[in-house]
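Following: one structure in structure tokens, then a few remarks.
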Amino acid sequence: MTVRTRIAPSPTGDPHVGTAYMALFNAVYARSQGGQFILRIEDTDAARSTAESEQMILDSLRWLNIEWDEGPDCGGPHGPYRQSARKHIYQEHALKLIEDQHAFYCFCSPERLDQMREAQRAAGENPRYDGLCMHLSESELRSRLNAGEPHVVRMKVPEHGECQFHDELRGEIEIPWSQVDMQVLLKNDGFPTYHLAVVVDDHLMEISHILRGEEWINSTPKHVLLYEYFGWQAPVFCHLPLLRNPDKSKLSKRKHPTSINYYRQIGILPEALINYLGMMGWSMPDEQEIFSPAQMAERFELKGIHLGGPVFDLEKLSWLNGQYLRGMDPEEFMDRIVEWGLNRDNLRRLVPLIQQRTEKFSDLVGQVDYLVGARPVLSAEDFADTGLEHEVQVQIVDHLSRELDALRDWQRDELFEICRSLAEWHQLKIRDYLKPLFVALSGRAVSLPLFDSMVFLGPDLTRMRLREALAVLGVSKKQAKRLEKQHREFRASLGSPQ
RNA sequence: GUCCCCUUCGUCUAGAGGCCUAGGACUCCAGGUUUUCAUCCUGGCAACAGGGGUUCGACUCCCCUAGGGGACGCCA
């Protein structure tokens with residue numbers, strides 16, 4: 001059997017290190033077995049998927065030197081490799097399931113589903129569709145369908161017993177069917193959900209091994225069931241551990257930089273990052289720590305994966321990066337510096353900010369230091385000149401930080417609008433409001449324009465600096481609770497609670 | 001709340017019943033090299049979650065408890 005693996009990122013945001021992590025293990029495993037590795041774009045969430053995000057993901061994976069044999073950019077015998085271009089395939093398959101009585105039309109409104117789930121939760125049950133639409137009469141079904149009533153397609157799930165499946169690393173896993181929801185397969189907008197699309201595509205693309213995050217274990221019964229309904233051979237399932245924040249929770253942008261762009265921007269080398277990811281949950285048989293994906297593939301074994309969720313440690317990554325950097329000859333070192341940051345693309349973003357403020361080139365470094373390099377380490381005194389009380393400073397940094405965690409569209413105007421409404425909420429003039437933020441981002445009271453700086457730094461770096469500033473200012477547990485409440489009040493005042 | 005997964009130094013990990021006085025790496029500390037700093041070198045601190053079994057023997061196998069994590073969407 002030819003081993004075929006895949007990575008199936010969803011283009012809904014910044015390229016995530018978790019994606020690179022899964023891509024690495026899938027690519028390495030395929031290579032170690034002489035198989036193929038496929039890249040597929042899962043853009044079935046029409047509301048959140050963007051072309052820019054897809055582009056960034058491809059760029060990031062290429063930057064990391066991960067190569068795929070088939071994909072949306074290079075094509076292949078099982079295309080198209082973008083799910084939005086495969087809509088009709090899923091619809092046909094959903095129809096087949098309905099014909100075979102494995103799925104049914106559901107007309108329930110989101111409101112009814114919310115109420116139902118709330119009631120179930122209150123009763124201590126696992127929220128699950130109650131099957132209301134499963135028993136519609138043929139005539140009612142026809143008339144509602146003909147009337148064009150909004151509907152979805154749901155899969156049927158056995159009432160009793162449990163689903164048993166094999167995980168390559170964890171052995172037999174049993175999950176009661178009572179825990180498995182009658183999953184929506186086809187959404188109201190005609191797009192499939194992940195569960196339908198992933199099964200159909202993995203089968204059609206002849207994927208033999210699914211290496212994915214352990215967050216999927218609980219939905220594997222749905223997939224196993226679908227393979228059964230379609231009469232297909234299920235692939236080998238292998239759930240890998242999840243990358244963790246320092247507090248052991250699943251890696252999230254709220255607590256840790258997750259964007260590959262971030263690492264690229266702070267000057268982590270692609271070979272160091274990918275090497276580092278390779279030692280998350282796996283190690284070379286001889287415990288050698290410096291290795292490439294190619295070397296990894298030579299010695300790789302699935303069974304060698306350690307299941308405890310590895311904490312992403314920035315310090316060890318930095319050390320590893322230093323090993324690579326110091327091992328270069330000076331010529332390469334120079335090339336890599338230019339490649340990293342001192343290139344025209346980067347300067348093009350910088351020049352509009354600095355040209356009018358510059359008299360001598362020797363002024364330059366002092367202006368852009370915090371954008372190109374690390375911000376000076378902050379101390380509490382740095383915030384003293386803002387003329388604001390400590391409590392207010394903390395509020396400003398905290399609330400903005402929370403807003404930015406949720407922000408999708410990282411644009412200058414968006415950022416300004418958020419700060420404007422926050423300043424208003426704090427009843428401060430915008431210039432006073434921004435003072436602690438200048439310090440937080442640049443380490444100085446005066447720097448290049450704030451919103452341009454935020455755009456240049458990007459989401460992860462900006463969030464990171466705000467988090468660090470908050471730590472320097474010092475927030476007690478009690479205060480943290482109060483801040484959270486205040487921020488909720490701010491959200492409520494906007495009339496858009498979240 | 002329900003279900004599922006996991007558990008070796010602070011962190012990444014080695015360890016497939018005796019090789020374990022539990023090894024390596026990062027961090028930290030001490031010393032050395034270096035006009036400073038960094039690099040580099042040497043040394044040190046530091047862990048088998050707890051309790052029961054199984055066994056001549058358990059970090060390794062089984063059970064329970066505890067702790068951590070994940071899932072529970074017309075998101076993936």
Side-chain angles (χ1 to χ4, degrees), chain A residues 8-13 16 18-19 41-49 83 106-110 113-114 117 120-129 150-154 162-163 165 167 169-198 212-222 239-251 275-290 303-323 325-327:
Chain A
S10 181
T12 55
H16 200 282
T19 303
I41 296 293
E42 309 231 323
D43 56 348
T44 57
D45 185 342
R48 295 199 306 154
S49 297
Q83 290 186 330
C106 173
F107 300 89
C108 292
S109 68
L113 295 172
D114 281 348
R117 290 186 184 118
Q120 288 167 331
R121 238 182 260 275
E125 293 165 22
N126 187 42
R128 190 168 184 261
Y129 183 64
H151 63 271
V152 301
V153 173
R154 281 182 190 277
E162 51 194 16
C163 176
F165 61 92
D167 181 282
L169 251 24
R170 296 159 207 262
E172 302 306 313
I173 294 177
E174 293 175 355
I175 295 175
W177 285 117
S178 64
Q179 293 294 318
V180 182
D181 201 1
M182 297 184 212
Q183 179 64 47
V184 170
L185 297 178
L186 218 51
K187 303 181 236 182
N188 183 33
D189 65 4
F191 272 101
T193 57
Y194 169 83
H195 305 282
L196 206 220
V198 79
R212 58 175 17 165
E214 65 178 317
E215 57 198 316
W216 296 107
I217 291 178
N218 286 286
S219 35
T220 302
K222 292 170 185 173
H239 293 93
L240 271 36
L242 256 23
L243 260 23
R244 310 287 184 95
N245 295 314
D247 70 359
K248 304 271 193 182
S249 56
K250 170 166 119 171
L251 199 67
N275 184 165
Y276 181 69
L277 292 174
M279 49 202 253
M280 300 275 85
W282 190 80
S283 64
M284 281 292 216
D286 59 0
E287 294 196 70
Q288 180 191 335
E289 291 195 292
I290 313 271
K303 302 279 185 207
I305 295 174
H306 179 76
L307 294 176
V311 172
F312 197 113
D313 182 14
L314 291 164
E315 273 188 294
K316 185 137 188 187
L317 172 60
S318 293
W319 167 80
L320 191 61
N321 201 56
Q323 295 296 308
L325 238 24
R326 290 191 283 263

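Predicted model only: the values in this text are computed from it and were never measured. Each chain gets a letter, A, B and so on, in the order the sequences are listed, and its residues count up from 1.
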Phosphate-side-chain proximity, [X] and [N], N/O vs OP1/OP2 below 4.0 Å:
| X | N | answer |
| --- | --- | --- |
| A:Lys187 | B:G73 | no |
| A:Arg117 | B:C74 | yes |
| A:His239 | B:C4 | no |
| A:Lys248 | B:U11 | yes |
| A:Ser283 | B:A14 | yes |
| A:Lys303 | B:A16 | no |
| A:Thr44 | B:A76 | yes |

Which nucleotide in the list [options] gets nearest to the side chain of [X]?
| X | options | value |
| --- | --- | --- |
| A:Leu307 | B:G24, B:C4, B:C6 | B:C6 |
| A:Asn126 | B:C72, B:C26, B:A71 | B:C72 |
| A:Ile173 | B:C4, B:A76, B:U11 | B:C4 |
| A:Arg244 | B:C74, B:A76, B:G68 | B:G68 |
| A:Arg170 | B:C5, B:G73, B:A25 | B:C5 |
| A:Ser249 | B:C5, B:A76, B:G69 | B:G69 |
| A:His306 | B:U7, B:C3, B:C74 | B:U7 |
| A:Glu315 | B:C72, B:C12, B:U27 | B:U27 |

For [X] and [N], what is the distance between atoms [atom1] and [atom2] respectively, to the nearest whole Å?
| X | N | atom1 | atom2 | value |
| --- | --- | --- | --- | --- |
| A:Glu287 | B:G23 | CD | P | 12 Å |
| A:Trp177 | B:C3 | CH2 | P | 17 Å |
| A:Lys222 | B:C3 | NZ | P | 17 Å |
| A:Met284 | B:G15 | CE | C1' | 18 Å |
| A:Lys250 | B:G68 | NZ | C1' | 16 Å |
| A:Leu251 | B:G68 | CG | P | 19 Å |
| A:Leu185 | B:A76 | CG | P | 12 Å |
| A:Met279 | B:A14 | CE | C1' | 13 Å |

Looking for any heavy atom pair under 4.0 Å, which part of the strands does [X] touch: base, sugar-phosphate only, or nothing?
| X | answer |
| --- | --- |
| A:Cys108 | base |
| A:Val184 | sugar-phosphate |
| A:Leu317 | nothing |
| A:Asp45 | sugar-phosphate |

Would you say [X]'s side chain and [Y]'s backbone share a donor-acceptor pair under 3.5 angstrom?
| X | Y | answer |
| --- | --- | --- |
| A:Asp167 | A:His239 | yes |
| A:Asp181 | A:Pro127 | no |
| A:Gln288 | A:Ile290 | yes |
| A:Ser318 | A:Leu314 | yes |
| A:Arg128 | A:Met182 | no |

Separation of the [atom1] atoms in [N] and [M], to the nearest angstrom:
| N | M | atom1 | result |
| --- | --- | --- | --- |
| B:C28 | B:G17 | C1' | 35 Å |
| B:C26 | B:C64 | C1' | 36 Å |
| B:C37 | B:A30 | P | 14 Å |

Could you check which nucleotide pairs with [N] in any of the strands shown, counting Watson-Crick or G-U wobble with both distances under 3.5 Å?
| N | answer |
| --- | --- |
| B:C3 | B:G70 |
| B:G43 | B:C29 |
| B:C61 | B:G53 |
| B:C20 | none |
| B:U35 | none |

Starting at CG of A:Asn126, measure out to CZ of A:Arg117 and round the result to the nearest 0.5 Å.
10.5 Å
Decide side-chain contact (heavy atoms from CB on, under 4.5 Å) for A:Leu169 and A:Leu240; before the verdict, give the C-alpha distance in whole Å, the side-chain angles of both, and the deciding distance to 0.1 Å.
CA-CA 8 Å; A:Leu169 251 24; A:Leu240 271 36; 4.2 Å; yes
Would you give a per-nucleotide map of nucleotides 37-44 of chain B, 5' to 3', where B means the base has a protein non-hydrogen atom under 4.0 Å away, S means only the sugar-phosphate does, and - means neither?
--SS----
Residue pair A:Glu125/A:Pro246 against RNA chain B: nearer the 5' end by closest nucleotide is A:Glu125
Report the residue (A:Gly309 or A:Glu214) whose heavy-atom-nearest nucleotide on RNA chain B is the more 5′ of the two.
A:Glu214
Relative to each other, are the rings of A:Tyr194 and A:Trp216 parallel, tilted or perpendicular (30° and 60° limits)?
parallel
Atom of A:Pro192, atom of A:Lys187 and distance for their closest heavy-atom approach:
O-CE, 3.2 Å
Considering the options A:Val153, A:Leu196, A:Leu113, A:Val152, which one meets the side-chain contact (heavy atoms from CB on, under 4.5 Å) requirement together with A:Val184?
A:Val152
